[in-house]
Amino acid sequence: MLRLVVDIMGSDSDPLDLFQGVIQAADLFGADCHFTVLATKQIINRCNENFKELSSSIQLEEAEEEVLMEDSPLLVVRRKHKSSMALGVGKLKDKSCDGLITAGNTGAITAFATLELKKLPTIERPALLATLPTERGKVAILDVGANITFRPRYLMQFALMGAIYQKIEQGISDPKIGLLNIGGEARKGTRVVRQAYDYFNHYAERLEEKNLHFEGNIEARDVFEGKVDVIVADGFTGNVFLKTCEGVSSFIVDQISKRFSNLPFINPKKQFQQLEKYLDYAEYPGAVMLGVDSVIVKCHGCSSSLAMFNGIKGAYHLAKNKIIGKIEDQLKEFQTEFSELATI
């Protein structure tokens, strides 16, 4: 039986909506998974009042504090040791659970994970990975929010994790890596991004030896053609790109529905529903934190019960198939080749 911890506190959503996603997941997995739901006493009381008969696989556990969206990550890790988020990371650290799902403060969960959990080989900072649909399958993009400031070598580390993830999850034997930028030319972008480009070029032959291919810069408009399998960016750029994609997809589906759903000679409702489901971020399992030795899935800050449900499904899949352990094993193969990573 897998043991998953769900922190329903600190997001922009009603904790009871997130709890509804836990209930749906418990119904799906039955006896195969046990859920520990972390919440404050007030929220636990609300859950008990609104959901009278809970599955035996769900346990509510009280936390004394809540990490808020506006909280400073560094202050959180120093002062909120009794928060639901801190308790969840603590359970990962002492191996009393197999995964953690949260829709809370991204900076705080990143700080907790960085300070409390063991890092994977060659990795200095964890990154959040999300997948997006393209014409040629799913593309993995990281970082999408964990690291606002970065060093060029971090992007190489993100690329290694993303490529291994794509090998394992999508069966891509020779993943192609692109650096998200404002143009394809080598001298485009900020100073740090140009340094990152040079960094990838320096290690291009070693990457090729591992069947990893650096394709250079990629512009945002080319992402959905499926030209690359992994996109690397700093957390600020990656997060803006991801949320722009979410907003544009929702806008397009909404406009198509409004303009065509009332036409008498077509009935596109079913097709629109399929398209909306394909593009809706809530249908995808949140962002996966890679770089530490534990399963963490970070759901959207305004997640619905559906988004939480799919985030739990994603964490269950990662834990059940030991994906983090497989990434760790493959990263060990890179330790020799990239052990002398420059300190730029």
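Just so it is clear, the structure is predicted and the values come from calculations on it, not from any experiment. Residue numbers run from 1 in the order of the sequence given.
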NZ/NE/NH1/NH2 to OD/OE distance under 4.0 Å, [X] and [Y]:
{"X": "Arg187", "Y": "Asp198", "value": "yes"}
{"X": "Lys326", "Y": "Glu169", "value": "no"}
{"X": "Glu185", "Y": "Lys188", "value": "yes"}

Between the side chain of [X] and the main-chain N/O of [Y], is any donor-acceptor distance below 3.5 Å?
{"X": "Glu65", "Y": "Lys82", "answer": "yes"}
{"X": "Asp17", "Y": "Ser13", "answer": "no"}
{"X": "Asn147", "Y": "Thr149", "answer": "no"}
{"X": "Arg3", "Y": "Ser96", "answer": "yes"}
{"X": "Lys298", "Y": "Gly104", "answer": "yes"}

Taking atom [atom1] as the centre, does [X] end up with more than 12 heavy-atom neighbours from other residues, nucleotides or ligands that are less than 6.0 angstrom away?
{"X": "Lys80", "atom1": "NZ", "answer": "yes"}
{"X": "Gln42", "atom1": "CD", "answer": "no"}
{"X": "Glu70", "atom1": "CD", "answer": "yes"}
{"X": "Phe236", "atom1": "CZ", "answer": "no"}
{"X": "Lys95", "atom1": "NZ", "answer": "yes"}

request  = Identify the heavy atoms of Tyr165 and Ile327 that sit nearest to each other, and give their distance.
outcome  =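 Answer, listing the atom of Tyr165 first, then Ile327: CD1-CD1, 4.2 Å.
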
query = Can you say whether the rings of Phe214 and Tyr197 are parallel (under 30°), tilted (30 to 60°) or perpendicular (over 60°)?
reply =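 The arrangement is perpendicular - the two ring planes meet at more than 60°.
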
ask   = Which is it for Phe158 and Ile123 under the side-chain contact (heavy atoms from CB on, under 4.5 Å) test, yes or no, and what are the steps along the way?
value = CA-CA 8 Å; Phe158 299 166; Ile123 306 302; 5.9 Å; no

request  = Quick one: pull up CG in Asn181 and OG1 in Thr190 and give me the separation to the nearest 0.5 Å.
outcome  =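 These two atoms lie 7.5 Å from each other.
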
request  = Taking atom types as modelled, find out whether Asp7 and Ser84 have a side-chain donor-acceptor pair closer than 3.5 angstrom.
outcome  =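 Yes - a donor-acceptor pair under 3.5 Å links their side chains.
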
